[in-house]
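Remember, it's 1-based here, ligands and their atoms both numbered in the order they're listed. None of these values were measured; they are calculated from a predicted model.
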Amino acid sequence: MHIAMIGSGYVGLVSGACFADFGHDVTCVDLNEQKIEALKKGEIPIFEPGLDALVADNAKAGRLTFTTDLAPAVAKADVVFIGVGTPSRRGDGHADLSYVYAAAAEIARAVEGFTVVVTKSTVPVGTGDEVERIIRETNPLADVIVVSNPEFLREGAAIDDFKRPDRIVVGIEDERAREVMTEIYRPLYLNQAPLMFTGRRTAELIKYAGNAFLAMKITFINEMADLCERTGANVQDVARGIGLDGRIGGKFLNAGPGYGGSCFPKDTLALVKTGQDYDSPLRLVEATVEVNNRRKRAMGRKVIAAAGGNVRGKTIGILGLTFKPNTDDMRDAPSIAIIQALQDAGATIRAYDPEGIEMAKLVVQNIDYAADAYDAANGADVLVLVTEWNEFRSLDLVRVKAQMNTPVFVDLRNVYRQKEVEAAGFSYHSVGRPVADEHADTPAVSE
Ligand SMILES: NC(=O)c1ccc[n+]([C@@H]2O[C@H](COP(=O)([O-])OP(=O)(O)OC[C@H]3O[C@@H](n4cnc5c(N)ncnc54)[C@H](O)[C@@H]3O)[C@@H](O)[C@H]2O)c1
């Protein structure tokens, strides 16, 4: 099959490379010339484990090419995926669909022959109808079917998620596209990944409902963590105790500094707006958004409290800036609000992240960047673990302490055991584990 992937960001590039790996002929298109030039030279513009080798192999085999020229790629395609960004619209939090609509109009002008146009971007319910309307209006002769196929991959594990998905959701209103979509995903289907066909609007809503549910689950355990701190209970054991119940499940129950990233914050907000537009308020999701927003800055206050109530003139070492490990993505990372709160209170920030520093430079200012975790601790009055990269999981605590001005460790991901850190001479603060708990030894697990 010939595939055109419009938008070559985290989703477009990973999906495009994986489809090429299935044996399809894929052209990845992007407006960003720098990105395409880099890709043509074999340079990967983002950090995603395994992506460099996958892109190199498939480019070498001639199945994966890159261009800024949308028209020829679309003209020869059997299937055109729209994988452009849908960020929050400034001002009101609705999904900004301008990139999707612009892509739809461009596609309409370029299509030749029967073509399935698939929205892979996360878009509010009803967007497929509008994409279809734009295409018909721009090119009334176009023989096009518009399908919704939301993407569920997670950054940091994107290739594995794409190749071994829990499910593939396909929303179609016209049966002609079913065969094409089945063919596109045949290798996964043979691998027993359930291919779920449903209505287009339903598929669009499944994506938002999924993200909102996960965001709510994280927020639930975060509020439980606060309650644990006030009552002397241990949130990790609460999470394990409820997570072993098969109806609840143990994933997404790690208390922490609040969710961030390129999806949950904007998607929960967009879903709230959709609910309001349809006069069907989603109060649980509204509360999730509000609680999570407050939490990120509250984490800054938690650090200030650990420092004795005042950080003016003090140096705070930060371990991890990206919104989660194994990505360089800084979009809506909790570190941004935490650092802002600490800087507002007069602290100097010294930070290290294994992959995110270049992206961080674009969104947070006035930071001294360190060469590694120990360097971040150098001269610090408090060390804060914000993102649980593997290399922060087994630090030489004696060496860390020797670097620091005062040995205060705030572990916002509950990576360490209190006894162990205190034995190394630190004052230790974590999330939802208020007092030394002799029994608590459940290790934190990354999602
Ligand atoms: N990042 C994730 O983990 C993830 C997971 C699932 C779904 N999604 C959804 O997928 C979509 C894309 O997300 P992303 O993280 O890949 O975004 P991104 O910002 O990394 O990439 C989007 C790309 O589209 C390009 N683009 C915009 N308009 C274009 C046009 N008209 N023609 C060609 N290229 C164009 C941009 O230059 C950019 O490179 C969003 O709707 C997002 O919500 C993202």
Side-chain angles (χ1 to χ4, degrees), residues 4-18 27-39 44-49 51 66-74 80-89 94-110 117-124 127-128 131 134 138 148-162 165-166 168-169 203-204 206-208 210-212 214-215 259-271 322-324 326-333 359 362 447:
M5 182 66 66
I6 314 303
S8 306
Y10 287 85
V11 162
L13 188 55
V14 170
S15 313
C18 288
T27 309
C28 282
V29 183
D30 205 287
L31 290 174
N32 185 325
E33 286 179 15
Q34 270 177 319
K35 205 175 258 191
I36 293 300
E37 277 318 304
L39 285 165
I44 308 296
I46 54 170
F47 174 76
E48 179 60 46
L51 189 58
F66 304 98
T67 183
T68 52
D69 199 358
L70 178 142
V74 167
V80 180
F81 282 91
I82 302 178
V84 302
T86 49
S88 277
R89 194 162 67 187
H94 269 287
D96 177 355
L97 295 173
S98 57
Y99 303 100
V100 172
Y101 294 156
E106 267 195 272
I107 292 165
R109 283 188 284 270
V117 175
V118 187
T119 312
K120 199 163 239 336
S121 301
T122 302
V123 294
T127 302
V131 166
I134 290 170
T138 312
S148 163
N149 171 219
E151 182 50 57
F152 297 97
L153 63 77
R154 296 161 303 168
E155 287 173 20
I159 295 170
D160 203 51
D161 281 352
F162 195 91
D166 294 333
I168 302 151
V169 173
E204 290 168 338
I206 285 171
K207 174 66 192 174
Y208 280 99
N211 274 359
L214 294 172
Y259 62 78
S262 60
C263 293
F264 287 178
K266 77 171 175 65
D267 292 348
T268 44
L269 201 53
L271 184 59
T322 52
F323 83 94
K324 67 174 177 181
N326 295 323
T327 181
D328 58 350
D329 202 336
M330 280 295 296
R331 287 177 282 186
D332 269 319
M359 294 285 192
L362 305 174
E447 298 296 349

> Which residue and non-hydrogen atom of the protein lie closest to atom 44 (C) of ligand 1, and at what distance in Å?
Replying inline: Val11 CG2, 3.2 Å

>> Under 3.5 Å between any N/O of Glu151 and any N/O of ligand 1: does that happen in this structure?
In response: no

>> Strictly distance-based, threshold 3.5 Å: is any side-chain N or O of Ser121 a donor or acceptor partner for the main-chain N or O of Ile82?
In response: yes

>> Can you name the atoms of ligand 1, numbered from 1 with element, that are less than 4.0 Å from a heavy atom of Lys266?
In response: 42 (C), 43 (O)

> Would you say Lys207 has any N or O atom under 3.5 Å from an N or O of ligand 1, going by distance alone?
Replying inline: no

> Going by distance only, is there an N or O of Asp329 that falls short of 3.5 Å from an N or O of ligand 1?
Replying inline: no

> What part of Gln34 sits under 4.0 Å from ligand 1 if we count only heavy atoms: the side chain, the backbone, both or neither?
Replying inline: neither

> In terms of residue, atom name and distance, what is the protein heavy atom nearest to atom 38 (C) of ligand 1?
Replying inline: Asp30 OD2, 3.4 Å

> By side-chain hydrogen bond (donor to acceptor under 3.5 Å, both in side chains), which residues pair with Asp160, not counting sequence neighbours?
Replying inline: Arg164

> Got an N/O contact under 3.5 Å between Lys35 and ligand 1?
Replying inline: yes

> To the nearest 0.1 Å, how far is atom 5 (C) of ligand 1 from its closest protein heavy atom, and which atom is that?
Replying inline: Leu153 O, 3.4 Å

> Would you say the side-chain atoms of Glu48 pair up with the backbone N or O of Val14, donor to acceptor, closer than 3.5 Å?
Replying inline: no

> Do any N/O atoms on Asp267 end up under 3.5 angstrom from N/O atoms on ligand 1?
Replying inline: no

> Can you find an N or O of Arg154 that's nearer than 3.5 Å to an N or O of ligand 1?
Replying inline: no

> What residue and heavy atom of the protein are closest to atom 26 (N) of ligand 1, and at what distance?
Replying inline: Val84 CG1, 3.7 Å

>> Check for me whether Cys263 has a heavy atom closer than 4.0 Å to any atom of ligand 1.
In response: yes

> Do the side-chain N and O atoms of Glu204 and Thr127 include a donor-acceptor pair separated by under 3.5 angstrom?
Replying inline: no

> Side chains of Thr67 and Asp69: is there a donor and an acceptor less than 3.5 Å apart?
Replying inline: no

>> Return the closest protein heavy atom for atom 40 (C) of ligand 1 as residue, atom name and distance.
In response: Thr86 OG1, 3.5 Å

>> I want to know if ligand 1 touches Arg331 in the polar sense, i.e. an N/O pair below 3.5 angstrom.
In response: yes

